[in-house]
Amino acid sequence: MVMQVQECFFDRFRCSPDHIASAPGRVNIIGEHIDYCGFSVLPCALDRCAYVAISKTDDNDMSVIHNVKSSEYPSGTLKIVDRFIELKQNSSLARNWCDYIICGAYAAVKYLMAGRRDDKDAELCLFREVIGGYRIVMHSDIPPGAGLSSSSALVVASCLAILTYSLSPDMSLVAQSCTDAERLIGTMGGGMDQAVCCLGQLNHALHVHFVPHLSARPIPLPSGISFVICDSRVVAEKAQGARDAFNTRVCECRVAALLLGKHLRLGTTSTLREVFDGYKTMQDAVLDDIGVLQNLALISEQVFQSTSYTFADVRSQLSMEEWSSVCSHEQLLLLERSTALNLRQRTMHVLKEAARVLQFCDTCCTTNWSSHANAQISLDRLGAALSTSHNSLKELYDCSCEELNTLVQCCRDGGALGARLTGAGWGGCVVAMIYTNDREDFVKHLGSSYYVPRGVELNVVDRFVFVATASKGAAIVYK
Ligand code: GLA
């Protein structure tokens with residue numbers, strides 16, 4: 001890939017890039033739709049990456065952004081700062097692939113702003129000062145729209161490529177800056193994708209914490225087991241349709257956090273994690289985190305009605321001040337447009353999924369894998385956690401779709417220990433946990449049960465089904 005990018009760069013610009021940054025896609029093993037609520041997650045970085053090759057233009061003004069797959073992704077010639085201002089001012093503007101590179105430039109500015117006062121004018125001044133004109137060639141082998149974070153990888157690679165001109169960046173801060181900057185495109189993501197993209201470790205999944213600050217612990221995955229990614233071939237385009245559905249979920253969780261926090265007299269709590277922290281300190285008995293999450297789930301079942309709420313139902317329960325602490329004006333409009341707010345279902349998913357992550361990590365780290373009997377019990381437990389997670393995403397979080405559900409079922413019928421949708425959902429991929437030795441039969445089974453009936457030739461099924469190889473995070477790969 002790196003050579004291909006280099007060659008394309010030379011063909012397009014008749015010069016070599018100053019450097020090339022790479023940033024991996026990710027698969028989330030478990031912990032879906034809980035990062036933006038403040039709970040920890042367990043993704044791993046993939047061996048598929050986005051690459052950004054860069055050099056500065058002579059006038060340092062206009063940028064030319066080119067994609068190796070230029071027939072699918074047309075080149076752009078633009079002033080990065082002008083496009084940034086446009087995107088900032090008009091959130092309904094149609095996005096294109098180059099905008100992820102604009103986000104990367106914005107992330108670089110945010111990185112350099114860290115620790116300074118959050119002042120919009122200063123931000124724009126710095127933007128003009130540090131972001132000039134670049135020649136850029138981008139390439140990627142992360143399937144787009146498959147829920148494997150192809151877009152965040154591009155943002156991270158661009159940010160890293162730009163920052164490398166002035167410093168050797170701290171990758172945790174790159175992750176944080178990219179998370180903030182990517183909101184420019186419109187989804188209110190929680191930071192999992194950028195964190196694992198920046199901090200991924202070879203042969204390990206990453207237990208990522210967001211509270212009290214971003215931190216990550218490598219988790220060894222059981223040997224003899226493969227996590228297989230299976231693409232449903234339903235595209236979930238973050239920058240388009242799935243965006244509103246995603247953002248509505250984020251807002252539902254925030255409203256639920258406010259109402260639950262109020263019920264528990266915790267003051268204004270804008271995330272379920274804040275409710276968790278407040279509630280935990282109220283406990284007399286020493287409960288572990290899983291116990292606290294379970295108790296909170298029981299309370300939520302009593303606090304929230306099982307049927308959905310209308311916007312009017314919840315509007316009256318919160319003051320204007322409380323509303324503005326969790327939702328922007330635009331998000332409020334989004335909620336107003338949603339016909340049904342399922343606060344109980346969303347909360348139950350989040351709290352139980354957060355507990356599943358802790359249990360999963362604990363099982364991975366504490367099992368004595370050399371004892372056959374112990375290993376078997378643990379593997380069954382891990383597999384069951386994946387399947388329960390999927391059911392919860394399907395039933396309580398309502399972010400699955402028919403094809404994902406069918407694919408999960410095919411995985412289970414094909415011998416997977418467990419399987420679930422991975423990423424935001426509404427399309428994209430499933431992650432299945434299988435015995436590595438069963439791989440061939442598993443792929444064959446998926447071929448005949450899922451792919452062939454949908455028009456995919458047997459000999460190309462492995463384009464859509466591949467083993468996740470836990471890889472390292474973003475890096476400069478050519479200088
Ligand atoms: C997207 C977001 C992440 C996370 C997942 C769902 O990938 O970018 O932050 O919320 O969806 O788990």
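The structure presented is a predicted model; accordingly, all values stated were derived computationally and were not measured. We count ligands from 1, going down the list as the structure has it; atoms in each ligand are counted the same way.
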Exercise. Check whether any side-chain heavy atom of Tyr309 sits under 4.5 Å from a side-chain heavy atom of Asn342, and report yes or no.
Key: no
Quiz item: Are the charged groups of Glu252 and Arg249 less than 4.0 angstrom apart, N to O?
Solution: yes
Self-check item: Atoms in ligand 1 flagged as close to Tyr36, the criterion being non-hydrogen separation under 4.0 Å
Solution: 10 (O)
Quiz item: Nearest heavy atom to atom 3 (C) of ligand 1: which of Leu421, Thr422, Asp35 does it belong to?
Solution: Asp35
Self-check item: side-chain hydrogen bond (donor to acceptor under 3.5 Å, both in side chains) partners of residues 31-46, not counting sequence neighbours, each pair once
Solution: Asn28-Glu32, Glu32-Arg420, His33-Tyr36, Tyr36-Tyr397, Ser40-His207
Quiz item: Relative to the heavy atoms of Gly191, which atoms of ligand 1 are at a distance of less than 4.0 Å?
Solution: 9 (O)
Exercise. Fit a plane to each ring of Phe360 and Phe227, take the angle between them on a 0 to 90° scale, and name the class: parallel (under 30°), tilted (30 to 60°) or perpendicular (over 60°).
Key: tilted
Practice problem: May I ask you to identify, for Arg26, whether its side chain, its backbone, both or neither come under 4.0 Å of ligand 1 on a heavy-atom basis? | Solution: side chain
Exercise. Consider every N or O of Asn28 and every N or O of ligand 1, then say whether any pair is closer than 3.5 Å.
Key: no
Quiz item: Which atom pair, heavy atoms only, marks the closest approach of Arg273 to Val211?
Solution: CG-CG2, 3.7 Å
Exercise. Provide the number and element of each atom of ligand 1 under 4.0 Å from a heavy atom of Gly190.
Key: 9 (O)
Exercise. Could you list which atoms of ligand 1 come closer than 4.0 Å to a heavy atom of Glu32?
Key: 6 (C), 12 (O)
Quiz item: Which ligand 1 atoms, with their elements, are less than 4.0 angstrom from a heavy-atom of Phe246?
Solution: 1 (C), 2 (C), 10 (O), 11 (O)
Donor-acceptor contacts under 3.5 Å from residues 467-474 side chains, at least two apart:
from	atom 1	to	atom 2	distance (Å)
Ser471	OG	Asp47	N	3.2
Ser471	OG	Thr469	O	2.8

Quiz prompt | Charged N-O contact under 4.0 Å between Asp244 and Arg337 | solution = yes
Exercise. For Gly189, take its heavy atoms, then give the atoms of ligand 1 lying under 4.0 Å from any of them.
Key: 9 (O)
